[in-house]
Participant: 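Below are the structure tokens for one structure; questions will follow.
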Amino acid sequence: PKRVLSGIQPTGSLHLGNYLGAIKKWVHLQDSGDEAFYSIADLHAITVPQDPRNLRTGILEMTASLLACGIDPEKCVLFQQSKVLYHTQLCWVLASFTTMAKLGQQAQLREKREILQELSTALYLYPVLQAADILLYKATHVPVGEDQISHLNLASFIARGFNKRFGDTFPIPHPFINEDSSRRLKSLRNPLSKMSKSDNDPRSRINLCDSPEEILLKCKKAVTDCSSAVEYDPEKRPGISNLLVIHSSLTGKTIDTICQEAAGMETGNYKITMATEIIEVLRPIRERFHELIKEPAYLEDVLETGASRASACARETWQEVSKRIGIDTSL
Ligand code: TYM
């Protein structure tokens, strides 16, 4: 049977890249009856500077957004990472068997080095903590967008190394990426870089809970090129192609169909048509989010229940691991 785990950082709002790259698959896997654990990765978030006030609201907003997208705490375990103490415990153990050389190779560190003056020690450990997230639940499938592949490869590497040294303990986790919907969504302002929560320009991404006015404005301002035909050519025309991918993934229409419907239309008008359609698709999510965010006590309760269910599973793995490495502590 499949065992599913994934995570998302609670920094900034949930955007279309997260939704199409990962969260839709989370919902699908939860609904297909697989045992699924989904974590709000607050310990990953603090590896770079965060404002404490934003972090607390971010955690509740992320919880509300995930529920609004269809994550159902009756069908999966939704929890806040830091409430389950075993994540940092296992991270330390795994870090003890992972070389600095291996961690220094991460492409993500290079990217971060361009933005930050100094990198925290925790940033080096970032993928080890992610491996601990996955291995604690003995997950076999990890639904993520393609930007997480290198982290997943490291998690498999760590799992294999541990099994070899201490005996079979962890199943090897696999990224769960389905071709189409998980193509990396690009920034609306620069179609060569990915749509990201950490981009300083809010017009670069569409958040699931943006108002219709915001969505319309962001679509209208999306950077395309000087040719006005609506056609799909990700190599030569990344801007319009990114809009087509978004439009197609959200409505379920094929890119061909959309291009036929837009025949003779200029990109300017197409952007308005596209915005109108995606505003409607996102309407139920947006409305549900606004209801849920008024119920912080309910959201806290969901996270509390999730943490105790996650802990019960994590505790078993921890006991097994601690026995195998010879410290044998039950927590
Ligand atoms: P995070 O918070 O950056 O993103 C959450 C999920 O959204 C996907 N994603 C995208 N997919 C397609 N196009 C985009 N533009 C785009 N932007 C984001 C990401 O691939 C991800 O699946 N390190 C992780 C969080 C994490 C985790 C884990 C994931 C912590 N522990 C254990 C899996 C397993 C992260 O920063 O995701």
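Numbering of ligands and ligand atoms starts at 1, following listing order.
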Participant: Under 4.0 Å, heavy atoms only, figure out whether ligand 1 is touched by the backbone of D133, its side chain, both or neither.
Facilitator: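 Side chain only.
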
Participant: Mind telling me whether Y38 and W26 have parallel, tilted or perpendicular rings, with 30° and 60° as the class edges?
Facilitator: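 Ring orientation of W26 relative to Y38: parallel.
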
Participant: Counting heavy atoms only, name the option from D147, T11, V142 that's nearest to atom 20 (O) of ligand 1.
Facilitator: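 Answer by nearest heavy atom: D147.
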
Participant: Report yes if R184 has an N/O atom closer than 3.5 Å to an N/O atom of ligand 1; otherwise report no.
Facilitator: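 Between R184 and ligand 1 (N or O atoms, distance only) the closest approach is not under 3.5 Å.
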
Participant: Going by the order shown, which atoms of ligand 1 are within less than 4.0 Å of some heavy atom of L5?
Facilitator: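 Checking each atom against L5, I get 32 (C), 34 (C).
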
Participant: Could you list the residues that satisfy salt bridge (Lys or Arg N to Asp or Glu O under 4.0 Å) with D256, not counting sequence neighbours?
Facilitator: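 D256 satisfies salt bridge (Lys or Arg N to Asp or Glu O under 4.0 Å) with no other residue.
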
Participant: I want to confirm something. Looking only at heavy atoms, which of Q148, H44, K197, H87 is nearest to atom 24 (C) of ligand 1?
Facilitator: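 Residue with the shortest heavy-atom distance to the ligand atom: Q148.
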
Participant: Go through ligand 1 atom by atom and flag the ones less than 4.0 Å from a non-hydrogen atom of Q9.
Facilitator: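 Every atom of ligand 1 under 4.0 Å from some heavy atom of Q9: 2 (O), 35 (C), 36 (O).
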
Participant: Return the option from G21, G145, G17 holding the heavy atom at the smallest distance from atom 10 (C) of ligand 1.
Facilitator: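 Looking at heavy atoms only, G17 sits closest to atom 10 (C) of ligand 1.
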
Participant: Do D34 and S32 meet the criterion of a side-chain donor-acceptor pair at a distance under 3.5 Å?
Facilitator: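 Judged by distance alone, the side chains do pair up.
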
Participant: With ring centroids as reference points, do H28 and F176 lie under 6.0 angstrom apart?
Facilitator: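 Here the rings of F176 and H28 have centres that are no less than 6.0 Å from each other.
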
Participant: Do Q81 and D133 have a side chain donor and acceptor closer than 3.5 Å?
Facilitator: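 Yes, side-chain donor-acceptor contact under 3.5 Å.
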
Participant: Taking only residues two or more places apart in sequence or in another chain, which ones pass side chain to side chain donor-acceptor pair (under 3.5 Å) with E266?
Facilitator: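 E266 satisfies side chain to side chain donor-acceptor pair (under 3.5 Å) with no residue once adjacent residues are dropped.
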
Participant: Heavy atoms only: which of L136, N18, T47 is nearest to atom 4 (O) of ligand 1?
Facilitator: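 Shortest heavy-atom distance from atom 4 (O) of ligand 1: N18.
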
Participant: Below 4.5 Å, heavy atoms only, C-beta onward: do S65 and L208 meet side chain to side chain?
Facilitator: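 They are not in contact (no side-chain heavy atoms under 4.5 Å apart), so the answer is no.
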
Participant: Which atoms of ligand 1 sit under 4.0 Å from any heavy atom of A41?
Facilitator: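 In order of numbering, the contacting atoms are 30 (C).
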
Participant: Using distance alone, determine whether E146 and ligand 1 share an N or O pair under 3.5 Å.
Facilitator: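 No.
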
Participant: Do the side-chain N and O atoms of H15 and N18 include a donor-acceptor pair separated by under 3.5 angstrom?
Facilitator: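 Yes.
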
Participant: Provide the number and element of each atom of ligand 1 under 4.0 Å from a heavy atom of Y126.
Facilitator: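 Reading through ligand 1 atom by atom, the close ones are 23 (N), 24 (C), 35 (C), 36 (O).
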
Participant: Below 4.0 Å, non-hydrogen atoms only: which portion of H15 touches ligand 1? Side chain, backbone, both or neither.
Facilitator: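 Side chain only.
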
Participant: Checking salt bridge (charged side-chain N to carboxylate O under 4.0 Å, His left out) against K138, which of E320, E35, E316 comes through?
Facilitator: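 Going through E320, E35, E316 one by one, the salt bridge (charged side-chain N to carboxylate O under 4.0 Å, His left out) with K138 is satisfied by E320 alone.
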
Participant: Are any of the heavy atoms in S196 under 4.0 Å away from ligand 1?
Facilitator: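 Not so, S196 does not reach ligand 1.
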
Participant: Is there a heavy atom in K186 that sits closer than 4.0 Å to ligand 1?
Facilitator: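 So K186 does not count as touching ligand 1.
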
Participant: For ligand 1, which atoms have a heavy atom of A22 less than 4.0 angstrom away?
Facilitator: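 So the answer, numbered in order with elements, is 6 (C), 7 (O), 22 (O).
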
Participant: Ignoring hydrogens and geometry beyond distance, is a side-chain donor-acceptor pair present between T224 and K271 at under 3.5 Å?
Facilitator: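 Result is yes, a qualifying pair exists.
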
